[in-house]
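Okay, so here's the structure we're looking at.
Every heavy atom of this structure was used, including side-chain atoms; hydrogens, water molecules and symmetry mates were not. Predicted model only: the values in this text are computed from it and were never measured.
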Amino acid sequence: MNNAVCRLTGCEFPLFAFSHCRDVVVAVSKAGGFGVLGATRFTPDQLEEELAWIDAHIDGAPYGVDVLVPEVVDPRVAEFQDNEQRAAAISEQHRQFTSELLGQYGVDVSPQEVVRYEGRAGITPENGYAQMEVAFRHPIKLIANALGIAPPKMIEEGKRRGVPVAALVGAKEHALRQAAAGVDIVVAQGTEAGGHCGEVSTLVLIPEVVRALKGAGYDIPVLAAGGIMTGAQMAGMMAAGAQGAWTGSVWLATTESETSEAFRDKMVAARSRDTVRSRSRTGKPARQLKTAWHEAWDSAAGPGALPMPLMGMVSEPAFQRIEKSVVNGNEAARDLVRYFVGQGVGLIDQVRSAKGVVQDFREEFVEAVAELNGMLG
């Protein structure tokens with residue numbers, strides 16, 4: 001395919017695959033799509049190892065990196081300098097609540113052991129900048145940012161190195177701010193998406209953003225994100241003005257994915273209504289598979305979500321313990337197994353290979369375009 005986003009990134013087919021798993025990134029890029037490694041879960045040293053592995057296995061195919069440099073830091077945590085200070089700020093009430101909730105499902109952990117931060121990067125500006133520096137040391141063809149305006153340092157370095165900068169947005173006014181800041185690609189992500197997302201539907205957001213950018217005189221390609229699980233959906237979004245699709249949830253149900261067998265089973269069984277937009281994993285609204293964890297934290301009886309990144313220092317160790325408990329035979333803990341996933345989970349009916357997903361997207365895309373062209377005939 002030949003359009004602006006393909007020319008900017010060097011991809012053959014503008015199917016962008018966001019994943020925290022290096023195997024998915026490599027498989028997608030080698031199949032003609034464009035893999036994007038989510039850096040958030042890695043420390044800078046770990047990210048260096050992941051990218052070095054990708055470089056050695058991707059056979060020169062283009063790929064990118066997604067980092068999170070939050071534009072706004074909650075004033076409640078702005079003064080903390082490191083994870084030790086952040087951990088000390090997590091109240092006994094939150095620790096006790098987490099310990100009791102896990103205990104109800106046979107996952108035993110004391111309130112003192114609930115918080116674990118060793119080896120964690122965390123979603124903070126300093127970690128985002130450190131990951132960005134690591135990313136630019138590798139032959140990436142795209143760097144993306146979310147949670148606010150892409151920082152000037154990222155945009156300047158991207159232009160100096162010839163690496164396009166993409167930014168995720170959830171509203172047309174955010175897209176206009178990103179364009180004014182100088183980004184090269186706008187990823188318009190609807191509320192159907194997994195992870196951090198806004199409140200506007202993808203079907204509405206894409207034409208709204210495309211129209212706003214053009215009306216303001218910006219010639220910036222837009223990628224559609226949120227609920228896109230098939231090539232036909234991708235074709236529909238491109239008919240609405242997008243130049244490709246940014247996808248995430250569909251790769252969680254692949255054999256290469258970082259997700260557990262227990263979660264993949266839950267994905268296949270889930271309906272589109274089985275997700276929830278909640279602050280109870282990261283501290284910011286993020287769509288994920290609904291479980292008793294969210295019901296407890298989001299209820300009136302809960303202690304209330306902590307600000308980012310404190311919430312992640314409670315939730316991430318908890319979910320690691322839940323997964324481990326399930327592997328060790330605790331079926332009760334299976335009810336708590338969850339991950340970030342969008343409403344498109346209702347379209348998942350089997351676990352496939354990442355290469356197979358790319359091939360299916362290609363075929364479905366061509367079939368959808370051919371049907372539309374046939375109507376004009």
side-chain hydrogen bond (donor to acceptor under 3.5 Å, both in side chains), paired with Thr275, selected from Arg287, Lys290, Glu192: Arg287
Identified side-chain hydrogen bond (donor to acceptor under 3.5 Å, both in side chains) partner of Arg352 from the options Asp360, Thr255, Thr254: Asp360
Taking the side chain as every heavy atom from C-beta outward, state whether [X] and [Y] have any pair of such atoms under 4.5 Å apart.
X      : Y      : result
Glu133 : Pro44  : no
Trp246 : Asp66  : yes
Trp293 : Val337 : no

About how many Å separate [atom2] of [Y] and [atom1] of [X], when rounded to the nearest 0.5 Å?
X      : Y      : atom1 : atom2 : value
Met237 : Ile206 : CE    : CD1   : 6.5 Å
Ile220 : Ile185 : CD1   : CD1   : 10.0 Å
Thr9   : Asp184 : OG1   : CG    : 11.0 Å
Leu37  : Tyr63  : CG    : OH    : 8.5 Å
Leu223 : Phe34  : CG    : CZ    : 10.0 Å

Steps toward salt bridge (charged side-chain N to carboxylate O under 4.0 Å, His left out) verdict (Arg362, Glu12): CA-CA 11 Å; Arg362 284 176 175 269; Glu12 178 183 325; 2.8 Å; yes
Salt bridge (Lys or Arg N to Asp or Glu O under 4.0 Å): pairs with one or both residues in residues 52-64, sequence neighbours excluded: Lys30-Asp59
Hydrophobic cluster membership, Met132 vs Phe18, 4.5 Å side-chain cutoff: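 No: no chain of side-chain contacts under 4.5 Å links Met132 to Phe18.
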Met154 reachable from Val187 in the ILVMFWY side-chain graph, under 4.5 Å edges: no
Work out which heavy atom in [X] is nearest to a heavy atom in [Y]; give both atom names and the distance.
X      : Y      : answer
Ser19  : Val24  : OG-CB, 3.5 Å
Gly190 : Thr202 : CA-OG1, 3.3 Å
Leu168 : Ala146 : CB-CB, 4.1 Å
Ser278 : Gln288 : O-NE2, 3.4 Å
Arg95  : Pro111 : CB-O, 3.4 Å
Ala242 : Val210 : N-CG2, 4.3 Å

Exam field: side chain Glu208 to backbone Lys172, donor-acceptor pair closer than 3.5 Å: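 No; judged by distance alone, with no hydrogens or angles, the pair does not exist.
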Intermediate values then yes/no, salt bridge (charged side-chain N to carboxylate O under 4.0 Å, His left out), Glu48 and Arg137: CA-CA 9 Å; Glu48 174 63 39; Arg137 293 202 293 264; 3.4 Å; yes
Set of ring-ring contact (aromatic ring centres under 6.0 Å, His included) partners for His57, sequence neighbours left out: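 Once residues adjacent in sequence are excluded, the partners of His57 under the ring-ring contact (aromatic ring centres under 6.0 Å, His included) criterion are Trp53.
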Residues forming a ring-ring contact (aromatic ring centres under 6.0 Å, His included) with His294, sequence neighbours excluded: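 ring-ring contact (aromatic ring centres under 6.0 Å, His included) check on His294 returns nothing, list empty.
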State whether the number of non-hydrogen atoms from other residues, nucleotides or ligands found under 6.0 Å of [X] atom [atom1] is greater than 12.
X      : atom1 : value
Glu71  : CD    : yes
Arg211 : CZ    : no
Glu84  : CD    : no

Side-chain ion pair, Glu331 and Arg334, N-O less than 4.0 Å: yes
Pairing of Arg321 and Glu113 as salt bridge, 4.0 angstrom limit: no
is_close_aromatic(Phe97, Trp297), centroid dist under 6.0 Å: yes
Close aromatic pair by centroid cut-off 6.0 Å: Phe361 and Phe13: no
CA sep, side-chain torsions, deciding dist, call: Arg277, Glu199, salt bridge (charged side-chain N to carboxylate O under 4.0 Å, His left out): CA-CA 9 Å; Arg277 189 168 170 264; Glu199 300 176 354; 3.8 Å; yes
